[in-house]
Amino acid sequence: MAKKQKKFRPKARLPRGFGDRSPADIRATDQMVAKIREVYERYGFDPVETPFFEYTDAMGKFLPDTDRPNAGVFSLQDDDDQWMSLRYDLTAPLARHVAQNVNEINMPYRTYRQGWVFRNEKPGPGRFRQFMQFDADIVGAPGVAADAEMAMMMADTMEALGIKRGDYVIRVNNRKVLDGVLEAIGVVDEGQKLTVLRAIDKLDKFGIEGVKLLLGKGRKDESGDFTEGAGLDVTVIGPLAYLFGNDWQKAFSIDIFKKYLNKIPMLTQSPLIENGLMELENVRKLVRNVGYGSDRIRIDPSCVRGLEYYTGMVYEAELTFDVTNEKGQKVQFGSVGGGGRYDGLVQRFTGQPVPATGFSIGVSRLMTALKNLGKLEDTEMPGPVVVCVMDRDQVGEYQKMVSELRAAGIRAEMYQGNPKNFGKQLQYADRRDSPAAIIQGSDERARGIIQIKDLHEGKRAAAAIADNETWKSERPGQFECDRSQLVEQVKNLTAVKNWLER
RNA sequence: GCCGCCUUAGCUCAGUUGGUUAGAGCGCUAGAAUGUGGAUCUAGAGGUCCCCUGUUCGAUUCAGGGAGGCGGUACCA
């Protein structure tokens with residue numbers, strides 16, 4: 001007697017940091033993407049798409065001392081043993097695309113794209129290992145006017161998405177100023193430089209006191225974990241904190257910025273800083289001139305951005321309201337998009353300097369924020385009109401009704417489950433939020449009519465009925481009409497009408 | 001990676017000072033009512049109490065290890 005072999009059953013589970021998308025998610029994303037695209041198109045950008053995979057060397061993602069790709073990217077070797085990686089952003093692939101097509105591309109090249117990117121990192125609240133970004137870049141435009149356009153387009157995009165003025169801000173800064181300051185105070189070690197920049201980047205998260213700790217000895221977090229600081233001297237930390245901790249909502253001017261910079265000891269004349277300040281001032285003038293106030297685009301010395309490849313202006317879109325998650329916990333949201341000037345990325349391939357500036361919107365993150373706020377538009381779609389199967393030998397006729405409704409632009413289907421239990425069919429239609437069920441049994445057929453059951457109206461009318469007998473005999477929302485009236489009558493139902501006129 | 005919390009039915013969660021039949025709400029299935037979705041009532045199905053090892057007469061409960069989830073922090077090119 002053979003023992004019953006236990007069949008291997010894989011556990012149905014998602015890889016960490018990945019998620020299925022519901023109909024509501026997909027529709028909401030589509031809507032968001034459409035709105036963003038509309039803004040970009042209006043600014044004169046054209047789409048171009050690159051694939052999910054790139055050769056790892058093209059993305060510049062090999063670890064320094066090994067022939068293995070960076071651990072933060074998903075990588076695999078193809079059958080030629082070449083390392084390929086899933087793209088971790090849309091900027092590196094664009095640089096590759098531009099380098100490969102420099103001769104065909106008409107510069108300045110205004111281009112946008114949206115798509116999934118992948119990062120092999122620990123996911124967090126609102127952070128996934130697959131997420132969607134929406135990028136726009138101007139390649140081949142060296143002037144700060146291009147950067148100003150980016151900042152303005154970001155602001156416009158926020159508002160196009162329904163985020164009110166005051167609920168977001170585009171923070172702008174210049175890497176040249178930061179680099180100049182760090183150089184002046186003697187931070188020349190690359191590692192220390194990065195630590196300082198990261199510390200400043202944490203301002204919104206930990207406040208100025210936390211940043212001071214990180215600039216100095218280090219900081220202990222709530223769980224008791226200790227983070228090593230940059231080890232700067234107190235004489236430098238003070239003025240730095242003063243510079244970055246200031247509320248920069250007031251109108252920016254070079255003079256004010258300089259005044260703060262002057263409080264930093266050891267800071268001398270620096271062409272780098274002068275140049276950076278001039279660029280900031282020019283951007284400020286450009287955007288103010290067309291009516292973008294400091295409530296929308298703000299010069300902010302604490303805006304640093306982590307990426308190393310930025311060479312000039314950097315910008316970041318931040319939501320200024322609190323975000324709570326589905327469990328009611330307040331969530332640190334941080335930025336929902338950012339970017340900057342990266343004049344060196346294309347040069348990596350061609351040797352020729354190609355100036356470029358661009359930014360990226362974290363669509364998934366932004367959607368999470370909007371969803372938690374209830375700021376997502378109602379994406380509900382009414383279910384299909386369900387044609388009930390009363391007699392199996394009549395499915396041809398039922399399918400014809402479905403076909404007529406579809407031809408009129410109305411979502412419709414014939415019930416595909418077991419038709420034996422009629423109640424089941426209505427229950428199905430109800431759960432799909434169908435506007436109507438169509439009923440034609442032998443009685444109706446003999447009279448050449450159909451029953452149209454307005455399920456939405458029925459639900460409303462039923463609120464007053466507690467007793468099932470009454471509920472059944474009254475048939476709330478139900479009416480009959482001639483078979484030939486099917487499409488016309490269904491079109492007249494409120495839910496259907498609203499949908500067709502949306 | 002590091003720190004903390006958590007893991008019991010499809011879902012949200014009780015509970016067992018270590019004891020024989022492990023519970024609730026919601027959901028699901030069926031019936032009351034076989035041609036009428038809701039509400040109501042009745043019944044039913046559904047469990048490796050995350051996994052492994054140990055302690056014990058006995059472990060879902062205790063100990064150690066592991067996995068997974070959540071949160072913080074680091075990293076985020």
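Per chain, numbering begins at 1; letters A, B, ... match sequence-line order.
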(request) Return the set of residues passing ring-ring contact (aromatic ring centres under 6.0 Å, His included) with A/Tyr55 (not counting sequence neighbours), or none when no residue passes. (result) none
(request) Compare the minimum distances between each of B/C76, B/G37, B/U73 and the side chain of A/Lys459, then state the nucleotide with the smallest one. (result) B/G37
Considering only NZ, NE, NH1 and NH2 on the basic side and carboxylate oxygens on the acidic side, decide whether [X] and [Y] come within less than 4.0 Å.
| X | Y | value |
| --- | --- | --- |
| A/Asp89 | A/Arg119 | no |
| A/Glu318 | A/Arg298 | no |
| A/Arg445 | A/Glu397 | no |
| A/Arg460 | A/Glu457 | yes |
| A/Glu49 | A/Arg113 | no |
| A/Arg341 | A/Glu279 | no |

(message) Let me check I have this right: for RNA chain B, each base becomes ., (, ), [, ] or |, based on Watson-Crick or G-U pairs with both distances under 3.5 Å. What is the full string?
(response) (((((((..((((.....[...)))).(((((.......))))).....(((((..]....))))))))))))....
Could I get a table of every N or O pair under 3.5 Å where one atom is in the protein and the other is in nucleotides 40-45 of chain B?
none

Integer angstrom distance from the [atom1] of [N] to that of [M]:
| N | M | atom1 | answer |
| --- | --- | --- | --- |
| B/A77 | B/C3 | P | 25 Å |
| B/U21 | B/C49 | P | 13 Å |
| B/A24 | B/G15 | P | 15 Å |
| B/G64 | B/U55 | C1' | 11 Å |
| B/A59 | B/C50 | P | 15 Å |
| B/A32 | B/G38 | P | 14 Å |
| B/C28 | B/A39 | P | 9 Å |
| B/A22 | B/U48 | P | 13 Å |

(request) Starting from the 5' end of RNA chain B, give me the residue, A/Phe118 or A/Pro15, whose nearest nucleotide shows up first. (result) A/Pro15
(request) Could you say whether A/Leu455 or A/Lys122 is positioned toward the 5' end of RNA chain B, judged by the nucleotide with the nearest heavy atom to each? (result) A/Leu455
(request) Determine the interplanar angle of the A/Phe359 and A/Tyr315 rings, folded into 0 to 90°, and report it as parallel if under 30°, tilted if 30 to 60°, perpendicular if over 60°. (result) perpendicular
(message) Give me the atom names and distance for the closest heavy-atom approach of A/Arg305 to A/Ser335.
(response) NH1-OG, 4.1 Å
(request) State, to 0.1 Å, how close A/Asp135 and A/Ile361 come at their nearest heavy-atom pair, and which atoms those are. (result) OD1-N, 4.5 Å
Base, sugar-phosphate or nothing for [X]? Non-hydrogen atoms, less than 4.0 Å.
| X | result |
| --- | --- |
| A/Gly458 | base |
| A/Phe206 | sugar-phosphate |
| A/Ala429 | nothing |

Atom pair distance, as rounded to whole Å: [atom1] in [X] and [atom2] in [N]:
| X | N | atom1 | atom2 | result |
| --- | --- | --- | --- | --- |
| A/Arg127 | B/A74 | CZ | P | 11 Å |
| A/Tyr415 | B/U36 | OH | C1' | 13 Å |
| A/Asp454 | B/G37 | CG | C1' | 12 Å |
| A/Arg16 | B/C70 | CZ | P | 7 Å |
| A/Asp467 | B/G37 | CG | P | 13 Å |
| A/Leu194 | B/C75 | CG | P | 9 Å |
| A/Asp433 | B/G38 | CG | P | 14 Å |
| A/Arg87 | B/A77 | CZ | C1' | 16 Å |

(message) Check for me whether the distance between the ring centres of A/Tyr415 and A/Tyr398 falls short of 6.0 Å.
(response) no
(message) Please determine whether a side-chain nitrogen or oxygen atom of A/Trp471 lies at a distance below 4.0 Å from atom OP1 or OP2 of B/A39.
(response) no
(request) Return no unless some side-chain N or O of A/Arg198 is found under 4.0 Å from OP1 or OP2 of B/C76. (result) yes
(request) Taking salt bridge (Lys or Arg N to Asp or Glu O under 4.0 Å) as the test, write out the residues that go with A/Glu228, two or more places apart. (result) none
(request) Mark up nucleotides 25-35 of chain B, 5' to 3', with B wherever a protein heavy atom is under 4.0 angstrom from a base atom, S wherever such an atom reaches only the sugar-phosphate, and - elsewhere. (result) ---S-S--B-B
(request) Go through the structure and list residues passing side-chain hydrogen bond (donor to acceptor under 3.5 Å, both in side chains) with A/Thr157, not counting sequence neighbours. (result) none
